[in-house]
Amino acid sequence: MDIVTKIKEWDRLRDDPSLRGKTIGFVPTMGAIHKGHLSLVRRCVEENDLTVVSIFVNPTQFNDPSDLESYPRNFEADRTILEKAGTDYIFLPKYGELYPNGYRYKVIETDFSKKLCGAYRPGHFDGVLTIVMKLLNIIRAHRAYFGEKDYQQYQLIKGMAKAFFLKTEIVPCPIVREADGLACSSRNMLLSPEERKTAPLFHKFLATDLPDDKIRKKLESAGFTVDYIETIGTRRYGAVRLGEVRLIDNINLENE
Ligand code: AMP
């Protein structure tokens with residue numbers, strides 16, 4: 001497994017004649033690799049000749065500086081896990097490599113990105129779409145894998161790829177959960193032992209057949225601060241906070 005930090009270096013590898021006819025799969029991440037990320041990497045390895053995983057904690061998608069600062073980073077552990085899973089390249093760029101002109105140029109979606117998480121994290125999806133556009137253009141993969149854990153993000157990325165005629169196929173992957181139902185997330189490791197015990201109630205209540213406002217009340221009684229619980233079509237979305245840690249999840253109501 002090789003670690004690539006520069007776009008020029010990747011371009012040389014990507015355009016090497018030995019890669020002709022080979023399929024490239026791509027998994028963008030912010031690191032602190034867990035079982036959820038690994039399910040994407042394994043699927044990518046299965047479906048492609050080469051797998052590229054990027055690790056970049058993207059500052060432009062954090063609307064809260066303390067959230068960016070406390071975001072878990074653990075490159076050495078990530079490297080070992082990703083290599084074992086069959087990753088061929090880790091793309092590990094620095095900020096200046098990806099934002100050569102700062103954040104003057106952005107990708108903005110004007111409708112769905114303002115709802116749900118977008119209403120509580122202003123500018124978040126501008127940062128997400130901008131970095132994903134940059135990464136997709138750099139890596140030039142045949143397929144890129146995204147988790148349904150971040151379902152709103154997945155829908156926006158799929159929409160962006162269609163709107164801008166991107167060549168990379170956007171592949172959704174199911175949510176991976178801990179045995180107690182809590183969706184795997186890099187942020188889970190920031191929960192105190194007490195908060196970790198409460199956290200699975202989020203998924204448990206979200207998956208009931210109660211209306212959104214009743215679920216909100218039950219979560220609040222259990223000690224969560226609720227940003228939103230909202231059903232759109234056949235999917236129920238939620239975002240809550242336990243202390244300083246923000247958790248998101250969603251449920252396809254047709255499957256419950
Ligand atoms: P992140 O590092 O949090 O930006 O996540 C990188 C990718 O992994 C995104 O496409 C996420 O949706 C996906 N992902 C994170 N957690 C999970 C999970 N529990 N199940 C499935 N995919 C996930």
Side-chain angles (χ1 to χ4, degrees), residues 25-47 51-64 67-68 70-75 77-79 81-82 85 87 90-93 98 113 116-117 121 124-136 139 141 143-161 168-191 196 199-200 202-203 206-207 235 237-240 245-252 255:
F26 175 42
V27 183
T29 81
M30 298 206 296
I33 300 298
H34 53 69
K35 283 189 297 185
H37 296 121
L38 277 182
S39 72
L40 273 56
V41 175
R42 293 210 178 96
R43 169 117 180 246
C44 184
V45 169
E46 238 172 65
E47 295 181 355
T51 289
V52 182
V53 178
S54 65
I55 299 181
F56 180 67
V57 183
N58 175 39
T60 66
Q61 72 188 68
F62 285 82
N63 52 314
D64 170 1
D67 186 25
L68 172 60
S70 65
Y71 198 85
R73 293 162 172 89
N74 195 349
F75 179 67
D78 290 353
R79 177 215 291 255
I81 303 171
L82 288 174
T87 304
I90 296 182
F91 183 55
L92 187 73
L98 295 183
S113 73
L116 303 171
C117 277
R121 302 182 70 190
H124 168 65
F125 286 118
D126 302 351
V128 168
L129 293 180
T130 301
I131 193 65
V132 172
M133 176 73 102
K134 285 170 188 269
L135 290 168
L136 292 178
I139 302 298
R143 302 186 186 92
Y145 295 80
F146 294 89
E148 292 184 345
K149 147 103 178 351
D150 303 277
Y151 202 82
Q152 187 180 12
Q153 168 178 288
Y154 155 67
Q155 283 174 301
L156 287 165
I157 290 167
K158 198 171 102 171
M160 175 181 78
T168 307
E169 181 192 347
I170 305 300
V171 184
C173 300
I175 303 177
V176 177
R177 300 182 179 281
E178 302 292 353
D180 58 15
L182 177 65
C184 299
S185 164
S186 305
R187 286 194 163 90
N188 292 352
M189 66 175 77
L190 303 174
L191 294 167
R196 179 64 189 80
F202 180 26
H203 168 249
L206 208 60
R235 197 163 290 265
Y237 301 81
V240 297
V245 185
R246 190 170 188 276
L247 304 173
I248 62 170
D249 203 340
N250 67 89
I251 298 287
N252 183 350
N255 295 345

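All ligand and atom numbering here is 1-based and tracks the order in the structure.
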Q. Would you say the side-chain atoms of Arg73 pair up with the backbone N or O of Tyr71, donor to acceptor, closer than 3.5 Å?
A.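 Present.
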Q. For the side chain of Arg246 and the backbone of Asp67, is there at least one donor-acceptor N/O pair under 3.5 Å apart?
A.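 No, the answer is negative, given that no donor and acceptor are paired below the 3.5 Å cut-off.
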Would you mind checking which non-hydrogen protein atom is closest to [atom], with the distance to 0.1 Å?
atom                    : result
atom 4 (O) of ligand 1  : Met30 CG, 3.6 Å
atom 5 (O) of ligand 1  : His37 NE2, 3.4 Å
atom 20 (N) of ligand 1 : Val176 N, 2.9 Å
atom 3 (O) of ligand 1  : Tyr71 OH, 3.7 Å

Heteroatom distance test ([X], ligand 1): nitrogen or oxygen, under 3.5 angstrom:
X      : result
Pro28  : no
Asp150 : yes
Lys149 : no
Ala183 : no

Q | Lys NZ or Arg CZ of Arg235 over Tyr151 ring: under 6.0 Å, within 45° | A |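 Yes, Arg235 lies over the aromatic ring of Tyr151.
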Minimum heavy-atom separation for [X] to [Y], with atom names?
X      : Y      : result
Ser186 : Gly31  : OG-O, 3.4 Å
Pro72  : Leu190 : CD-CD1, 4.1 Å
Pro28  : Tyr145 : CD-O, 3.7 Å

Q. Is any side-chain heavy atom of Gln61 less than 4.5 Å from a side-chain heavy atom of Val132?
A.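 No, side chains not in contact.
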Q: Please tell me if the side chains of Leu156 and Val128 come closer than 4.5 Å, counting only heavy atoms from C-beta onward.
A: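 No, too far: nothing below the 4.5 Å cut-off.
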For [X], the ligand 1 atoms whose distance to one of its heavy atoms is below 4.0 Å:
X      : answer
Phe146 : 10 (O)
Thr29  : 2 (O), 6 (C)
Pro174 : 20 (N), 21 (C)
Ile175 : 20 (N), 21 (C)
Cys184 : 16 (N), 17 (C), 18 (C), 19 (N)
Leu40  : 7 (C), 8 (O), 10 (O), 13 (C), 22 (N)

Q: Determine, considering heavy atoms only, which of Ser39, Gly147, Cys173 sits nearest to atom 9 (C) of ligand 1.
A: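 It is Gly147 that holds the nearest heavy atom.
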Nearest 0.5 angstrom please: [X] [atom1] to [Y] [atom2], how far?
X      : Y      : atom1 : atom2 : answer
His203 : Ile175 : NE2   : CD1   : 7.5 Å
Phe56  : Leu135 : CZ    : CG    : 8.0 Å
Ile248 : Arg121 : CD1   : CZ    : 8.0 Å

Q: Report yes or no: does Lys35 have a heavy atom closer than 4.0 Å to ligand 1?
A: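 Flag not set, Lys35 not near ligand 1.
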Q) Side chain, backbone, both or neither: which part of His34 comes within less than 4.0 Å of ligand 1 when only heavy atoms are counted? A)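 Just the side chain.
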